[in-house]
Amino acid sequence: MSDTSSTPDTRTPAQIEADIKRRRETLAETLDEIGVRVHPKTIVGDAKAKVASSVDHTLGRAYVGVNRVVDDVKAQFVTEDGQPRLERIVPVALVVVGVVGLLTLGTRRRGR
C-alpha cells in the first residue's frame, strides 16, 4: 500500500485495478467469515460445545473424586496385598445386618 501524502502513486491503472480487486475479495471473505460467526446457528453451536465441555470436565472431576473415595474405603477393608481385613469387615457386616433387621421389623409392624 502506498502513502499518497508523501510520494506520488507510480502504479499503472491495471495495477491499481488489480489491487482494488484483491482488496474487494479480501473484504468479501472477511464479511463472509463475520456472517458465519454471528449467525444464530453458529452462536448456538458454540454455546452447546462450551456446555458439553463444561459437563464433561465436571463429570471427569466427579469420576476422579468418586474413585478416590472408593479407593479410600476399599483400603479400610483390604490390605495392600489384597487380603480382606476381617477385624474391620465383621463389625461392619454385623451393623448392616442389624440395621436391615430393624428396618424389616419396623416395616412389618406398620403393615399390621
Side-chain angles (χ1 to χ4, degrees):
M1 184 173 186
S2 61
D3 185 7
T4 57
S5 63
S6 63
T7 59
D9 193 355
T10 58
R11 297 178 294 166
T12 66
Q15 290 172 327
I16 293 171
E17 287 177 9
D19 189 33
I20 290 171
K21 183 178 178 184
R22 275 193 309 275
R23 289 179 189 210
R24 281 185 181 157
E25 290 171 356
T26 302
L27 180 59
E29 289 174 8
T30 302
L31 290 174
D32 288 344
E33 185 177 330
I34 290 171
V36 168
R37 286 184 184 181
V38 299
H39 193 278
K41 286 184 180 180
T42 303
I43 294 170
V44 169
D46 290 347
K48 284 181 181 179
K50 286 180 183 177
V51 168
S53 174
S54 176
V55 167
D56 286 346
H57 181 70
T58 301
L59 289 177
R61 289 177 62 196
Y63 179 78
V64 168
V66 168
N67 272 344
R68 187 174 298 132
V69 169
V70 168
D71 289 343
D72 290 346
V73 170
K74 184 178 175 183
Q76 297 298 315
F77 297 101
V78 179
T79 62
E80 289 181 12
D81 60 350
Q83 297 297 318
R85 292 183 176 180
L86 294 179
E87 72 277 4
R88 292 186 179 175
I89 293 174
V90 171
V92 171
L94 291 174
V95 168
V96 169
V97 168
V99 169
V100 169
L102 289 173
L103 291 174
T104 304
L105 285 175
T107 303
R108 286 186 181 174
R109 287 186 182 175
R110 280 189 239 154
R112 290 184 182 177

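Just so you know, residue 1 is the first one in the sequence shown, and it goes up from there.
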Same cluster for [X] and [Y] if Ile/Leu/Val/Met/Phe/Trp/Tyr side chains link at under 4.5 Å?
| X | Y | result |
| --- | --- | --- |
| Leu59 | Val70 | no |
| Val95 | Leu102 | no |
| Val73 | Val92 | yes |

- Message: Could you check whether Asp71 pairs with Lys74 (Lys NZ or Arg NE/NH1/NH2 to Asp/Glu carboxylate O, under 4.0 Å)?
- Response: no
Quick one: pull up [atom1] in [X] and [atom2] in [Y] and give me the separation to the nearest 0.5 Å.
| X | Y | atom1 | atom2 | answer |
| --- | --- | --- | --- | --- |
| Glu25 | Glu29 | CD | CD | 7.0 Å |
| Ile43 | Arg37 | CD1 | CZ | 11.5 Å |
| Asp72 | Asn67 | CG | CG | 10.5 Å |
| Glu87 | Phe77 | CD | CZ | 10.5 Å |
| Lys48 | Lys41 | NZ | NZ | 10.5 Å |

- Shortest non-hydrogen pair, Pro84 vs Ile89, comes out as CB-CD1, 3.7 Å
- Message: Please give me the minimum heavy-atom distance between Thr107 and Leu103, naming the atom from each residue.
- Response: OG1-O, 2.8 Å
- Item | Test side chain to side chain contact (heavy atoms under 4.5 Å, CB included) applied to Gln83 and Val78, step by step | CA-CA 5 Å; Gln83 297 297 318; Val78 179; 5.9 Å; no
- Task: Run through the side-chain heavy atoms of Ile, Leu, Val, Met, Phe, Trp and Tyr, join any pair under 4.5 Å, and report what else lands in Leu27's cluster.
- Result: Leu31
- Query: Gln76 and Arg88: side-chain donor and acceptor closer than 3.5 Å?
  - Reply: yes
- Message: Arg61: which residues meet the salt bridge (Lys or Arg N to Asp or Glu O under 4.0 Å) condition with it, sequence neighbours left out?
- Response: none
Treating [X] as the side-chain partner and [Y] as the backbone partner, does any N or O pair qualify as donor plus acceptor under 3.5 Å?
| X | Y | result |
| --- | --- | --- |
| Ser53 | Ala49 | no |
| Thr42 | Val36 | yes |
| Ser54 | Lys50 | no |

- Can you name the side chain to side chain contact (heavy atoms under 4.5 Å, CB included) partners of Gln15, sequence neighbours left out? Arg11, Thr12
